[in-house]
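Written out below as structure tokens is the structure these notes cover.
Everything numeric here is computed off the predicted structure, so don't read it as measured data. Reminder, nothing fancy here: chain letters follow the sequence lines and each chain counts from 1.
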4 protein chains.
Amino acid sequence: MHALLDELRIELPSWAFGNSGTRFKVFGTPGTPRTVWEKIADAATVHRVTGLAPTVALHIPWDRVDDYAALAAHAREHGVALGTINSNTFQDDAYKFGSLTHVDATVRQKAIDHHLDCIEVMHQTGSRDLKIWLADGTNYPGQGDIRGRQDRLAASLATIYRHLGEDQRMVLEYKFFEPAMYMTDVPDWGTAYAQVSALGERAVVCLDTGHHAPGTNIEFIVAQLLRLGKLGSFDFNSRFYADDDLIVGAADPFQLFRIMFEVVRGGGLDARSGVALMLDQCHNVEAKIPGQIRSVLNVLEMTARALLVDVDGLVAAQEAGDVLGANGIVMDAFYTDVRPALAQWRTERGLPADPMRAFAESGYQQAIDAERVGGTQSSWGA
Amino acid sequence: MHALLDELRIELPSWAFGNSGTRFKVFGTPGTPRTVWEKIADAATVHRVTGLAPTVALHIPWDRVDDYAALAAHAREHGVALGTINSNTFQDDAYKFGSLTHVDATVRQKAIDHHLDCIEVMHQTGSRDLKIWLADGTNYPGQGDIRGRQDRLAASLATIYRHLGEDQRMVLEYKFFEPAMYMTDVPDWGTAYAQVSALGERAVVCLDTGHHAPGTNIEFIVAQLLRLGKLGSFDFNSRFYADDDLIVGAADPFQLFRIMFEVVRGGGLDARSGVALMLDQCHNVEAKIPGQIRSVLNVLEMTARALLVDVDGLVAAQEAGDVLGANGIVMDAFYTDVRPALAQWRTERGLPADPMRAFAESGYQQAIDAERVGGTQSSWGA
Amino acid sequence: MHALLDELRIELPSWAFGNSGTRFKVFGTPGTPRTVWEKIADAATVHRVTGLAPTVALHIPWDRVDDYAALAAHAREHGVALGTINSNTFQDDAYKFGSLTHVDATVRQKAIDHHLDCIEVMHQTGSRDLKIWLADGTNYPGQGDIRGRQDRLAASLATIYRHLGEDQRMVLEYKFFEPAMYMTDVPDWGTAYAQVSALGERAVVCLDTGHHAPGTNIEFIVAQLLRLGKLGSFDFNSRFYADDDLIVGAADPFQLFRIMFEVVRGGGLDARSGVALMLDQCHNVEAKIPGQIRSVLNVLEMTARALLVDVDGLVAAQEAGDVLGANGIVMDAFYTDVRPALAQWRTERGLPADPMRAFAESGYQQAIDAERVGGTQSSWGA
Amino acid sequence: MHALLDELRIELPSWAFGNSGTRFKVFGTPGTPRTVWEKIADAATVHRVTGLAPTVALHIPWDRVDDYAALAAHAREHGVALGTINSNTFQDDAYKFGSLTHVDATVRQKAIDHHLDCIEVMHQTGSRDLKIWLADGTNYPGQGDIRGRQDRLAASLATIYRHLGEDQRMVLEYKFFEPAMYMTDVPDWGTAYAQVSALGERAVVCLDTGHHAPGTNIEFIVAQLLRLGKLGSFDFNSRFYADDDLIVGAADPFQLFRIMFEVVRGGGLDARSGVALMLDQCHNVEAKIPGQIRSVLNVLEMTARALLVDVDGLVAAQEAGDVLGANGIVMDAFYTDVRPALAQWRTERGLPADPMRAFAESGYQQAIDAERVGGTQSSWGA
């Protein structure tokens, strides 16, 4: 396999191990973590069988603890590290009409302060990235002043940015819609790009693969943000309709392949690019830990396929105007079954050839099903 | 105003008065009902100021009571009646992988039994319609057998249909997606039509205006279902993106006008057509009772505009191939400000000229804000 | 490989070998056929290297000739046969405001007569299927009466249907939009199904994979139409946005796989099912003959993958509620590289192991480039 | 009416008076111009009855003449002036695989030279704006290198930009898709913004209202581009599905109202803003001159409604979190029938109260129907 595969690192979101659902129902399942400590144990299990997921992203306040140094030590003991800190300004009653964009300076300050708290957590956990996804927006025309909200967003972000440490970054995530149903304050990559460009070099964009309008060519945005030096991170998941948050690669594996090909093309696999590959998914009906393992493997497998593309041949075909030839080279890589070679690659690294089976046979799920009785299962609410 | 306006009746959903939200957050508000009795009181208030909303739809089990006769009497005392009974097979853990379509006969029977319970409620409330919206579907390719699920759905519906009283109808609602993210078992009007056609005359289709793929011409479906004799009811709301459940007419008033024009064209305003006009919305961030008043008024106003269309002139222009002339006749009606005439029409009927203001000045909201303290506010969960 | 692969037959559209383009530009290319005789020669070349494309669909009047018996003989000499007859009521000035739906009985009769002419052609060519795709629709609200147009469509189709021979079928194709921009008269499978159901057993539906709203689950429709006994044929192509008419499988190979899986599941590969697999594509920028070869191979390869699904294991996983297990079985089949086995399968049948290469090395393209000089290249216009 | 209405100017596209259509058919109509001279006469007629359309945009080479000074004089004699120059790099065989982005420097230079020719035309016509819409893109993954094409685009644009006169601007238009079906080189406002920002102050963005993904909140982009100082012009039209190019306001008049409200809000009606309002439509089935008159009136009427919004009340409601109140203020303006007041406003300015009727009664159409016989009707091809 290509040497760059050894550089692949995929960050797991702590919240993927808790319950999630739709507005209609959140189903519970045996073994679901009650605490961030248990979430990290689950995440470490994913890393143990894949060797690809060495860090865990936290969501504040869902993952708030008294002692982050202890949490970091806990993670280390399990073989992983703490990663990106995600802020949350969408579950407090104060944010009903916005957070960093709110018309009321008091609410804006509350939201800003939350981010400063997150930065403080980052200092304690050693995290590099503060990821900001805002639920801010409006449901009805006239409800808010689009322009004024954008200006207030810029001012709020600037305040937060000034508080970042020198080695820390702000990563601004955009989303087409939901929970806002008419106007979202950061709805597209253009807005995120314009906002972070006004801040400075350490402000970059997070591309969530489920946060686009129907039909959007996502790999184009990947290429463009890499070109502009502003691709900070991915939130990987997949979708058939809206922000479905399904397992990455499950809905359209060829799209994931094309995305990873542009990541490779633009140098995004190089650690110096600063591009962080993260998962952000909701395992509403499927098992959570195997869901994360499957997701990590999907990213790996599509990256491996992307690295198989005969780039010289591709360039030659492109220059010759050979449409079918160029497309054929790309499809050849996509259709190649890389799974046997990756099993071998894992074996050479002391990892299980089949991580899904290794987890299933480990007894881990049975153990947590038995142990994690009582308490409140973690979910988006806590 | 057109005489047909006097026939207009809009059914309110009890659940519109409780809290709703997105998977991210459900905001509470003062005055929110704790019980179905309070919901009905709120609904009656909408009818009092509009004169257009004489019935209230119930959702079972959200609105389950011990004594439905008492509930009907309570409604009558408030000047309204109980209407459609909506079943709910999406909030029980048993339905994680389906209800009427479930691979397990035990779960299907449980879901069927729930509908038989609903029919029993209908006998007690005097309701005509059993409305079935199913959350059934799958999130991943392979998770379910599309064909098998459809066959089981047909069998389950047939069983329920056989238990309907002679004056009762089954109304099957379709939805494009959500909560299922890959495959929904009743995703489009074609499926609903095929299913109800296999059952018999008293099985009809419910068209929820928010349940279509992007770009769908909804008025076409209205015209088609009326033509086929299978339009049972509307669930009115509006959307910019997905099933946003916004106030009907708020996102695209011209679309609502076109829909009402096809209702008029197809005879759907005639009581004998059996077409029930209902609201189905979520007032996530706006006030709920005024939200319902506004919705009722929007349907009224667009119906009044639709009734203004110069049909003879329109037919003449269509036959002449006069595209701009025909379109102009339709737009003329749409652009006519019917609000002054409707205020007069209301005054003549002893109703407030301005229902929104009448409610605001009634003191009702202040009263329920003060009274409804303690208890658990109603929402989709209860 | 699975025995059912030997049953696979893919019909080629004569027009794929002519020029096509967008409203912005139609690019010409060397070697493009000037006549239907040359188109058939090209189609036969595709069959020669793939062994999978034994029939060619004609478009009337594009492929009108004086002597269809001679054309059929010409096809036989080239090793293929004539297939489906496609009518065309969208390029005559008379049809500006509709054909079978037109408000003017004279125009409707003209369009009906065209279809009777097509049936006459079918008698001469021995074709089974009359495929009807209508451009009928309107661009502006009010331009036409939705209901009236639908009624006229029903009457026109009934007249045509009555003229079909006993072994002939009518196949009605639906399309979401284009060229009509507001309302299309047969916009969805529900409408096509309702119309053909009113006609009789020999009226069935054509599913063009590019003719749906964004996000539509096409394999669901495949399963549903097979269940209802009304899936007549496919028009295969692929799309990223609208009716892009790209090479089938090029935009979303996993979707094509899922479609073929439902075809297999519903018995559609069985010749007795009557399901015809056809291509309908536009090679705007790529080479046409290799474009058709690639398309045929894509259908073959995805069918082969679909036949690899471990159905017993899948059913067991579905019944156990094992979401990841069931999905994994499907993905296993999709990710398997069937190309080496198919090369072997071809070799065993005396076909080239690599049809793309076989064509490239055959000198056929160079020969037609040299020979086909002068005349008017075929395109949609002629 | 609001004083700002007197500032309203809407530029007409010369090509709207020629024939247009879809890839399926271009219908001809009596009276269609054969030359740009006739197109300008038609455009002047629109201005004569509306008083709102004093300039005509040209498309090069469609409107190429030997003597642009004479053409400008011709326009002046008809009471209008020449406006924006639109380049065309999509109808020459050389551009099959791109123009400013082409992999071949020779083709890029040809496309650059075409733009330099356009600048030369601008010097002769006195036009301020060079509008660039590119058909560049690819149909298949792998066909082109996304990143490389973007880099070449930047270089080509920079060359053109350097040749602009000091009072001239470059206006870069983006489009979601079509004619490219997989990847478009300037697909969204973010790309256009990033490209023009790299050029300098006189490079701005053109927003075509039909060039977005389904569901896109266009007024948000309007507000954002105005905020960033980069909104150069509009191409107005409307759509139900894709780039339908219907009459502006015909598909969703409320959207046009919201767009005009943001134009007003952001100062875009002020001549000093530099925002040019243009039409860009295709009258495929409707009469062309009345189609343009209707379009101009639609923009006027929605602007008048937008100017009616009670801004003080709106701000107060927004600050109070009064969602329904704020929305109600906006809807009040939208639902107000401004047509009688605008008729009066026109009469006061010596214009026909009813421009559509004035044109119909003018005999102009009958005159051109009679005069314009023979020759080749203008269309996109010439």
Side chain, backbone, both or neither: which part of Phe177(C) has a non-hydrogen atom closer than 4.5 Å to chain B?
-> neither
The interface call for Phe220(C) against chain B, heavy-atom contacts under 4.5 Å, is both
Distance-minimising heavy-atom pair for Leu314(B) and Gly142(C) |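 Scanning both residues, the minimum pair turns out to be CD1-O, 3.5 Å.
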Who wins among Leu226(B), Val103(B), Val315(B), Val323(B) for the most heavy-atom pairs under 4.5 Å with chain C?
-> Val323(B)
If you check both backbone and side chains, which donor-acceptor pairs between chain B and chain C fall under 3.5 Å?
residue: Pro141(B); atom: O; partner: Asn327(C); partner atom: ND2; Å: 2.8
residue: Gly142(B); atom: O; partner: Gln318(C); partner atom: NE2; Å: 2.9
residue: Gly144(B); atom: O; partner: Gln318(C); partner atom: NE2; Å: 3.4
residue: Asp145(B); atom: OD1; partner: Arg265(C); partner atom: NE; Å: 2.8
residue: Asp145(B); atom: OD2; partner: Arg265(C); partner atom: NE; Å: 3.3
residue: Asp145(B); atom: OD2; partner: Arg265(C); partner atom: NH2; Å: 2.7
residue: Gln150(B); atom: OE1; partner: Gln224(C); partner atom: NE2; Å: 3.1
residue: Asp151(B); atom: OD1; partner: Arg227(C); partner atom: NE; Å: 2.7
residue: Tyr182(B); atom: O; partner: Asn217(C); partner atom: ND2; Å: 3.0
residue: Tyr182(B); atom: OH; partner: Glu219(C); partner atom: OE2; Å: 2.5
residue: Asp188(B); atom: OD2; partner: Trp189(C); partner atom: NE1; Å: 2.7
residue: Trp189(B); atom: NE1; partner: Asp188(C); partner atom: OD2; Å: 2.8
residue: Thr191(B); atom: OG1; partner: Gln224(C); partner atom: NE2; Å: 3.3
residue: Asn217(B); atom: ND2; partner: Tyr182(C); partner atom: O; Å: 3.0
residue: Glu219(B); atom: OE2; partner: Tyr182(C); partner atom: OH; Å: 2.5
residue: Gln224(B); atom: NE2; partner: Gln150(C); partner atom: OE1; Å: 3.1
residue: Gln224(B); atom: NE2; partner: Thr191(C); partner atom: OG1; Å: 3.3
residue: Arg227(B); atom: NE; partner: Asp151(C); partner atom: OD1; Å: 2.7
residue: Arg265(B); atom: NE; partner: Asp145(C); partner atom: OD1; Å: 2.8
residue: Arg265(B); atom: NE; partner: Asp145(C); partner atom: OD2; Å: 3.3
residue: Arg265(B); atom: NH2; partner: Asp145(C); partner atom: OD2; Å: 2.6
residue: Gln318(B); atom: NE2; partner: Gly142(C); partner atom: O; Å: 2.8
residue: Gln318(B); atom: NE2; partner: Gly144(C); partner atom: O; Å: 3.4
residue: Asn327(B); atom: ND2; partner: Pro141(C); partner atom: O; Å: 2.9

When only pairs under 4.5 Å are counted, which of [options] shares the most heavy-atom pairs with chain B?
options                                    : value
Gly148(C), Gly266(C), Ala192(C), Gly321(C) : Gly321(C)
Pro214(C), Gly98(C), Ala223(C), Ala213(C)  : Pro214(C)
Gly325(C), Gly328(C), Ala317(C), Pro187(C) : Pro187(C)

Check whether Phe176(B) gets within reach of chain C through its side chain, its backbone, both or neither, counting any heavy atom under 4.5 Å.
->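 For Phe176(B), side-chain heavy atoms alone lie under 4.5 Å from chain C.
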Heavy-atom side-chain proximity of Pro141(B) to Phe254(C) below 4.5 angstrom | yes
